[in-house]
Amino acid sequence: MRTDHHMRGRKLLFCSLLLAMGFLTVKMPALAAGFLMTPSPEEAFGDSDTNGRLVRYEYERYRQRLDSIDTRSEIEENGFVVMEEQVFPVILENFGEVFFVPALDDRYHRLALFFTDADEKVVYKTDQLEANFMNRGQITQPVREIAAVSFQDLNGDGMTDIELIAACVNDTGSYANKRYQIGDVLFGSEKGFFRDWRISDKINRFGMNKSIDCITAYVRDQKSTEYLYTATTLEELQQNGFAIIPEQSYTREFEKMGKLLVAPGSALIADFEVFMIYLADGQGNIVWSFQPMGDHDNLYALRGINCRDIDGDGLKDIIVLARYSDALDAGEQQIVSDYAIYYQRTGGFSEDEEFKKRFVCDENTKMEDLVKAARAYWGWQAEE
């Protein structure tokens, strides 16, 4: 059985290569109740100073409100706002026919899931969700709504599992006021549901939180984009399904890194196409990688890759212009043009942040227009 309720949200938070390295590899499926890792108040908030103790006190008060809820009417009485558009009946092996009732704490924006029976009695509830641990050391979280939810058996044990995508918005920081998605899976058990934090971590760290289908492809079908960040050779990439775009692949001499093959390409997971660019040496070993699509959903068309000095330091930089498709509400798609610039430095490449704040491209922007504008920003008076 599969029940999907989609509120198509914007983008994912696609993490960087540096963050991707060094984490524990999970051999799928690795599903056991013992993998549930729920931080204690001390672990989540600390207790070393006055502020830590205050946050811990607030969290305990919040838990008291949540724990006291026994009926549906008490959900809102205790400060939670029910997401009525996401309330629907579902049949679960452990509880029978119940209503799925998600609710958001009105004060701290923490998401809680309630399951109520025909008499509106709460038979199960949990707030142990990945989205509720985004702001470490804080009780207030960035959850705004549920973007998508699905009920199906993912690990083949005969119990219905929950796939959940929460839409989040940060109030401060580099991602302030930008909507992003956090995916999660709760596995069914006789007593309720449990969450494997390692699976949730990989769903979000490797960008598989774009849709329910992406999460299903990873958890049920063991298809992952992780190899895009951990592969060490082009051969390994291609063996796992990465397709290099031959007409845009060529060799260039990079002053600090030597002669390298520029190898752009893409990989599919569910209905999403992930666009990456790799630099490889003569033996096919990957020495650097880029993920220029940023928060966009799909590569629509690669319009060009240009390797030349942009910032005037005598070193070749890389500029990428492409068109992407992004999902909108009601299943609609939006095609947008975007670009990325990577400056060559002594130890590798650094992605541009400043010029992009000043120059916005559109569908009519050509590579030569982009190069001219970027070089002018760095003080070039005329094209070479």
Side-chain angles (χ1 to χ4, degrees), residues 8-17 167 169 174-181 207 209-211 214 225 228 242-250 252 262-279 288-311 316-344 349-378 380 383:
R8 297 306 300 269
R10 286 275 302 172
K11 312 178 171 144
L12 76 154
L13 186 58
F14 205 94
C15 297
S16 68
L17 173 65
V169 178
S174 60
Y175 236 75
N177 301 318
K178 295 181 181 180
R179 180 183 170 113
Y180 61 94
Q181 297 185 168
N209 53 14
K210 293 175 180 288
S211 72
C214 281
T225 58
L228 296 174
F242 183 77
I244 294 176
I245 304 172
E247 60 271 20
Q248 294 282 359
S249 181
Y250 47 77
R252 287 291 184 271
V262 181
S266 62
L268 287 173
I269 180 168
D271 295 328
F272 291 88
E273 187 173 12
V274 182
F275 175 44
M276 299 285 291
I277 300 175
Y278 297 90
L279 300 182
W288 205 266
S289 65
F290 311 93
Q291 205 268 322
M293 68 188 296
D295 293 329
H296 297 294
D297 289 338
N298 283 286
L299 174 67
Y300 184 78
L302 176 57
R303 300 184 63 187
I305 301 175
N306 198 309
C307 299
R308 65 188 307 171
D309 184 9
I310 297 294
D311 58 355
K316 286 188 185 68
D317 307 309
I318 298 177
I319 187 165
V320 185
L321 179 62
R323 302 188 74 192
Y324 303 98
S325 65
D326 294 325
L328 300 176
D329 293 338
E332 298 179 358
Q333 295 286 321
Q334 173 181 261
I335 308 301
V336 297
S337 293
D338 204 353
Y339 68 93
I341 301 176
Y342 302 94
Y343 302 113
Q344 187 183 172
F349 288 84
S350 174
E351 185 172 3
D352 168 83
E353 295 180 356
E354 296 304 318
F355 173 69
K356 196 157 188 179
K357 295 177 182 178
R358 300 168 180 261
F359 185 86
V360 178
C361 71
D362 57 33
E363 61 182 7
N364 297 315
T365 302
K366 299 179 180 179
M367 177 62 80
E368 51 264 36
D369 302 326
L370 184 56
V371 171
K372 183 178 180 179
R375 286 163 65 91
Y377 170 79
W378 287 100
W380 293 74
E383 284 290 303

| request: Please name the pair of heavy atoms, one in P292 and one in F275, separated by the smallest distance, quoted to 0.1 Å. | output: CG-CE2, 3.4 Å

| message | To the closest 0.5 Å, what do you measure between CD1 (I341) and CG (L370)? | response | 5.5 Å

| query | Between atom CD of Q181 and atom CG of D295, what is the distance when rounded to the nearest 0.5 Å? | reply | 10.5 Å

| request: Starting at CG of N298, measure out to OH of Y324 and round the result to the nearest 0.5 Å. | output: 11.0 Å

| said: Taking salt bridge (charged side-chain N to carboxylate O under 4.0 Å, His left out) as the definition, give me every residue that meets it alongside R323, ordered by chain and number, with sequence neighbours left out. | reply: E363

| query | Hey, does I310 have a side-chain heavy atom less than 4.5 Å from the side chain of D352? | reply | no

| request: Nearest 0.5 Å please: distance from the CZ atom of R308 over to the CD atom of Q344. | output: 15.0 Å

| For the residue pair F349 and F290, does the interplanar ring angle fall in the parallel (under 30°), tilted (30 to 60°) or perpendicular (over 60°) class? | perpendicular

| task | Decide yes or no for V320 and L302: does some side-chain heavy atom of the first lie under 4.5 Å from some side-chain heavy atom of the second? | result | yes

| Just wondering, do T365 and F359 contact through their side chains at under 4.5 Å, heavy atoms? | yes

| message | Can you list everything that forms a salt bridge (charged side-chain N to carboxylate O under 4.0 Å, His left out) with K366? Sequence neighbours excluded, please. | response | none

| said: For a 4.5 angstrom cut-off between non-hydrogen side-chain atoms, does F242 reach Y278? | reply: yes

| query | Can you name the closest pair of heavy atoms from I269 and C214 and give their distance? | reply | O-SG, 3.8 Å

| field | Least distance between heavy atoms, N364 atom then D369 atom | value | O-OD2, 4.3 Å

| said: Quick one, P264 and I305 - any side-chain contact, counting heavy atoms below 4.5 Å? | reply: yes

| query | About how many Å separate SG of C307 and NZ of K316, when rounded to the nearest 0.5 Å? | reply | 8.5 Å

| field | Validation row: D309, D317 side chains within 4.5 angstrom (heavy atoms) | value | yes

| field | Salt-bridge contact D338-K356 (side-chain N to carboxylate O under 4.0 Å) | value | yes

| Under 30°, 30 to 60°, or over 60°: which ring-plane class applies to F355 and Y377, parallel, tilted or perpendicular? | tilted

| query | Please walk me through it: do C361 and L321 pass side chain to side chain contact (heavy atoms under 4.5 Å, CB included)? | reply | CA-CA 9 Å; C361 71; L321 179 62; 4.2 Å; yes

| task | Output the distance between atom CD (Q291) and atom NE2 (H296), rounded to the nearest 0.5 Å. | result | 10.0 Å

| said: Applying salt bridge (charged side-chain N to carboxylate O under 4.0 Å, His left out), can you list everything that pairs with E247, at least two apart in sequence or on another chain? | reply: none

| What are the two closest heavy atoms between F272 and S211, and how far apart are they? | CE1-OG, 3.1 Å

| query | Do D362 and S337 have side chains that get closer than 4.5 Å, going by heavy atoms? | reply | no

| request: State whether the side chain of S249 and the backbone N or O of V262 hold a donor-acceptor pair below 3.5 Å, judged by distance alone. | output: yes

